[in-house]
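Counting starts at 1 for both ligands and their atoms, in listed order.
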Amino acid sequence: MNVWFTEQLHPFLRVNLRVERIVHEERSPYQHILVLDTAFFGRTLVLDGIIQLTELDNAGYHEMMVHVPALTVGAPKRALIVGGGDGAALVQMLRYPSLEEVVVCELDARVVEVCRAYFPAFARAWDDPRVRLITRDAFAYLEEQPGPFDVICADTTDPIGMAERLFSAEFLRLIVCALSPNGAAVTQCEQPYFDAALITQLYRAAQALVRHPAYYYVAVPTYPGGGIGFLYLSNQPWEKGLEHPYPPGENAYLNPQTHRAAFALPEFFRKALQS
Ligand code: SPD
């Protein structure tokens, strides 16, 4: 079979995956949901035409999104995942024995249901009694001041349509207000080459909100440009995370070297953030 899925997030770059089988396709009240079996990368989740995760390369994204802030805290008790309806970030969060509750605030209940059905590696996490799923808009949820949370991960889609508000100074403010005093948050924060202006703007906003904002980057071969970044928000420096032991379970991407190296930024981008 020589069928290709093409992601056209950017007008100047396309990502192609060879499709072996269409596993599931539907239109939910919020978006188009597509699950594919792809050659080499395995089972793949696509929302509104944009690749969200593949079986082969999702571990780096989710480990770095969850453990970088969670290790800063050390023994988190209460966590919030914004979005994350696929359950992959949840799997990582639940590795912390100290965790008493994790709230997943996902707008689209169908993403949760579809991923529970077709991504067995993440499905069991939802049965953990520590998990509370809230299917609603995260912006409105955070406005109700549901904190404090020790760790917050905004595992969002790209800043298009309904997710655009999740890439604003106001959203960062709501996240920081929901953090416990020694807490740490990260938000999915796009690609230094393609989105430098947006990232710089959010980084400036972060500087006004917390003592130790930072930007770090993870390799994800199926995302445009081969990787994606995160904005780190905390009054504690990310380096504190290097002092704490990993939670039980195996890492596929994170080790002390990748943890440290993720914060090393290319010169053009480091300058843009400092300017
Ligand atoms: N350009 C793709 C960005 C996708 C980020 N979100 C992925 C969600 C996986 N849990």
*Asks:* Which pair of non-hydrogen atoms, one from Val19 and one from Ile22, has the smallest distance, and what is that distance?
*Replies:* CG1-N, 4.4 Å
*Asks:* Looking at Asn58, Val91, Asp86, Val35, which hits side-chain contact (heavy atoms from CB on, under 4.5 Å) with Phe119?
*Replies:*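 Of all the options given, the one that passes is Val35.
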*Asks:* Using the rule that two of Ile, Leu, Val, Met, Phe, Trp, Tyr join whenever any of their side-chain heavy atoms come within less than 4.5 Å, decide whether Val46 and Met162 are in one cluster.
*Replies:* no
*Asks:* Could you check ligand 1 for N or O atoms lying under 3.5 Å from protein N or O atoms and list the pairs with distances?
*Replies:*
residue, atom, partner, partner atom, Å
ligand 1, 1 (N), Asp158, OD1, 3.2
ligand 1, 1 (N), Asp158, OD2, 2.8
ligand 1, 6 (N), Gln52, OE1, 3.3
ligand 1, 6 (N), Tyr61, OH, 3.2
ligand 1, 6 (N), Thr156, O, 2.8
ligand 1, 10 (N), His62, NE2, 2.7
ligand 1, 10 (N), Asp86, OD1, 3.4
ligand 1, 10 (N), Asp86, OD2, 2.6
ligand 1, 10 (N), Asp155, OD1, 3.2
ligand 1, 10 (N), Asp155, OD2, 2.8

*Asks:* Can you say whether the rings of Phe230 and Tyr216 are parallel (under 30°), tilted (30 to 60°) or perpendicular (over 60°)?
*Replies:*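 The rings of Phe230 and Tyr216 sit tilted, inter-plane angle from 30° to 60°.
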*Asks:* Got a sec, which pairs hit ring-ring contact (aromatic ring centres under 6.0 Å, His included) with one end in residues 68-101, sequence neighbours left out?
*Replies:* His67-Tyr96
*Asks:* Less than 4.0 Å between a side-chain N and a carboxylate O, is that true for Glu55 and Arg43?
*Replies:*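 No, this pair does not count.
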